[in-house]
Amino acid sequence: MLNESKHNIFDTPKQLTDHVSDLIIELANKSIAENGIFTIALSGGKTPKQLYQRLASKSRLINWRKTLIFFSDERYLPHDHRLSNYNMIKENLLDLAPIPYENVFPIDTSEDQIELAAQNYEQKITQHVTSTINSLPAFDLILLGVGEDGHTASLFPSEKHKFNSNRLVIPTMQQQTRSHRISFTFRLINNAKNIFILVTGKSKSNIINLIQKNQNRPNPKFPIEYVNALHNITWFLDKEAYKQ
Ligand code: 6PG
């Protein structure tokens, strides 16, 4: 997994963030030049915060009018909740860059029925992400992180039965906190043209080690190992996370 796909190691999270923000700008300009649009799905959590701030600081280099922003997962909470991914991305990017409101597609967490919210989001994606591969929506870029338990997006080890879902967006649950989530499925993630996986910090060195050890085993052990569209995955790690 890690060795087969491209991976870049950086001395510091700042260097990683500077490099990845430049790559995203490059990819956005290439996608817009080729297809007239750039579609990106952002991940939540703490790792990408600095990246979003850096993208906002370089916002004049991206044509936001031709950029569509989606969310690869969401905690099923009000958008102004401190734990909401939308709230974090709003604070660190959406409020700091000239992004047209109509180009941002938050997951609607006000819907009583989470199942309906997942279906509605899936419809939004198929309606607006018009570039397809294998007749499925193909994002130009999906950003992902990795939890210490090997989860990615909101696909957790405790819900392995959902990993082969044919759907594109599903409700999930984080066992420890019993918190409801909505998440892209691996079917949608693995259909992206580009996947960037960002991992920083000492707390992630153990899971990275385990993934490295596990990668030649027949069946994947951790959710992140189900991100297997190898030709278009690039890992970005800092030295703390990659410490072997
Ligand atoms: C979320 C994320 C999740 C995240 C990992 C890593 O909603 O939390 O989408 O998949 O990427 O949990 O989180 P950190 O970056 O905070 O370590």
Side-chain angles (χ1 to χ4, degrees), residues 2 10 12-14 16-17 20-21 24 40-55 69-94 105-109 114 117-118 121 139 141-160 162-163 168-186 188-190 192 195-211 222-227 233-238 240-243:
L2 216 51
F10 298 85
T12 64
K14 181 184 178 313
L16 182 152
T17 300
V20 175
S21 54
I24 292 174
I40 182 172
L42 304 179
S43 85
K46 294 182 290 297
T47 303
K49 262 187 194 170
Q50 219 183 68
L51 170 64
Y52 299 148
Q53 291 166 6
R54 189 78 77 265
L55 276 177
I69 294 179
F70 288 80
F71 299 74
S72 51
D73 71 318
E74 184 57 278
R75 294 88 183 276
Y76 211 65
L77 298 163
H79 283 162
D80 59 0
H81 192 286
R82 64 183 179 79
L83 293 177
S84 158
N85 284 339
Y86 175 77
N87 191 31
M88 181 276 287
I89 293 165
K90 183 174 183 297
E91 276 177 10
N92 292 283
L93 175 59
L94 305 181
F105 298 86
I107 295 173
D108 177 7
T109 57
I114 190 169
Y121 203 58
F139 278 90
L141 175 61
I142 296 181
L143 298 183
L144 295 174
V146 182
E148 292 178 35
D149 61 355
H151 82 261
T152 191
S154 282
L155 298 162
F156 299 101
S158 58
E159 296 196 309
K160 216 164 175 145
K162 296 182 177 178
F163 292 179
L168 305 180
V169 181
I170 55 172
T172 65
M173 161 89 73
Q174 189 188 43
Q175 285 295 54
Q176 293 88 334
T177 55
R178 305 290 301 159
S179 68
H180 291 282
R181 304 280 190 103
I182 281 194
S183 181
F184 280 14
T185 59
F186 288 117
L188 178 58
I189 290 169
N190 284 321
I195 300 169
F196 287 0
I197 304 175
L198 279 64
V199 191
T200 60
K202 201 162 45 205
S203 68
K204 301 293 174 71
S205 60
N206 182 48
I207 187 62
I208 293 300
N209 242 323
L210 291 172
I211 292 167
F222 304 105
I224 187 63
E225 293 179 276
Y226 284 76
V227 179
I233 299 173
T234 311
W235 287 73
F236 300 91
L237 307 101
D238 71 350
E240 285 298 304
Y242 195 68
K243 204 170 274 174

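Every heavy atom of this structure was used, including side-chain atoms; hydrogens, water molecules and symmetry mates were not. Positions are given from 1, in the same order as the sequence printed here. Both counts, for ligands and for their atoms, begin at 1 and track the order of listing.
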(request) Could you see which bit of Arg181 sits under 4.0 Å from ligand 1, with heavy atoms only: side chain, backbone, both or neither? (result) side chain

(request) Could you pull out all residues at least two apart from Lys14 that satisfy salt bridge (Lys or Arg N to Asp or Glu O under 4.0 Å)? (result) Asp18

(message) Just to confirm my output: which protein heavy-atom neighbour is closest to atom 15 (O) of ligand 1, and how far is it?
(response) Thr47 OG1, 2.5 Å

(request) Give a yes or no answer on whether the side chain of Thr172 reaches the backbone of Ile182 with a donor-acceptor pair at less than 3.5 Å. (result) no

(message) Can you tell me which portion of Asp73 lies within the under-4.0 Å heavy-atom range of ligand 1? Options are side chain, backbone, both, or neither.
(response) side chain

(message) Evaluate Thr152 for polar contact with ligand 1, using N/O atom pairs at a separation under 3.5 Å.
(response) no

(message) Between Asn190 (side chain only) and Tyr226 (backbone N and O only), is there a donor and an acceptor less than 3.5 Å apart?
(response) yes

(message) Thr17 and side chain to side chain contact (heavy atoms under 4.5 Å, CB included): which single residue from Thr12, Leu51, Thr200 fits?
(response) Leu51

(message) Aromatic contact between Phe70 and Phe184, with the criterion being ring centroids under 6.0 Å apart: yes or no?
(response) no

(request) For Tyr121 and Phe71, indicate whether the former's side chain and the latter's backbone hold a donor-acceptor pair under 3.5 Å. (result) yes

(message) Starting from atom 10 (O) of ligand 1, what is the nearest protein heavy atom, named by residue and atom, and what distance separates them?
(response) Ala153 O, 2.6 Å

(request) Before signing off on this row, confirm whether Lys204 and ligand 1 have an N or O atom pair separated by under 3.5 Å. (result) yes

(request) List the steps, then state whether side-chain hydrogen bond (donor to acceptor under 3.5 Å, both in side chains) holds for Ser154 with Arg181. (result) CA-CA 6 Å; Ser154 282; Arg181 304 280 190 103; 2.8 Å; yes

(request) Do me a favour and list the nearest non-hydrogen protein atom to atom 5 (C) of ligand 1 with residue, atom name and distance? (result) His151 NE2, 3.5 Å

(request) Considering only non-hydrogen protein atoms, determine which one is nearest to atom 11 (O) of ligand 1 and report residue, atom name and distance to 0.1 Å. (result) Gly145 CA, 3.3 Å

(message) Geometry only, no angles: is Ser43 polar-contacting ligand 1 at N/O separations under 3.5 Å?
(response) no

(message) I need the nearest protein heavy-atom contact for atom 16 (O) of ligand 1: residue, atom name and distance, please.
(response) Lys46 N, 2.7 Å

(request) Taking side chain to side chain donor-acceptor pair (under 3.5 Å) as the test, write out the residues that go with Glu148, two or more places apart. (result) none

(request) Look at atom 1 (C) of ligand 1 and say which protein heavy atom is nearest, naming residue and atom and giving the distance to 0.1 Å. (result) Arg75 NH2, 3.4 Å

(request) Please say whether Leu144 places an N or O atom under 3.5 Å from an N or O atom belonging to ligand 1. (result) no

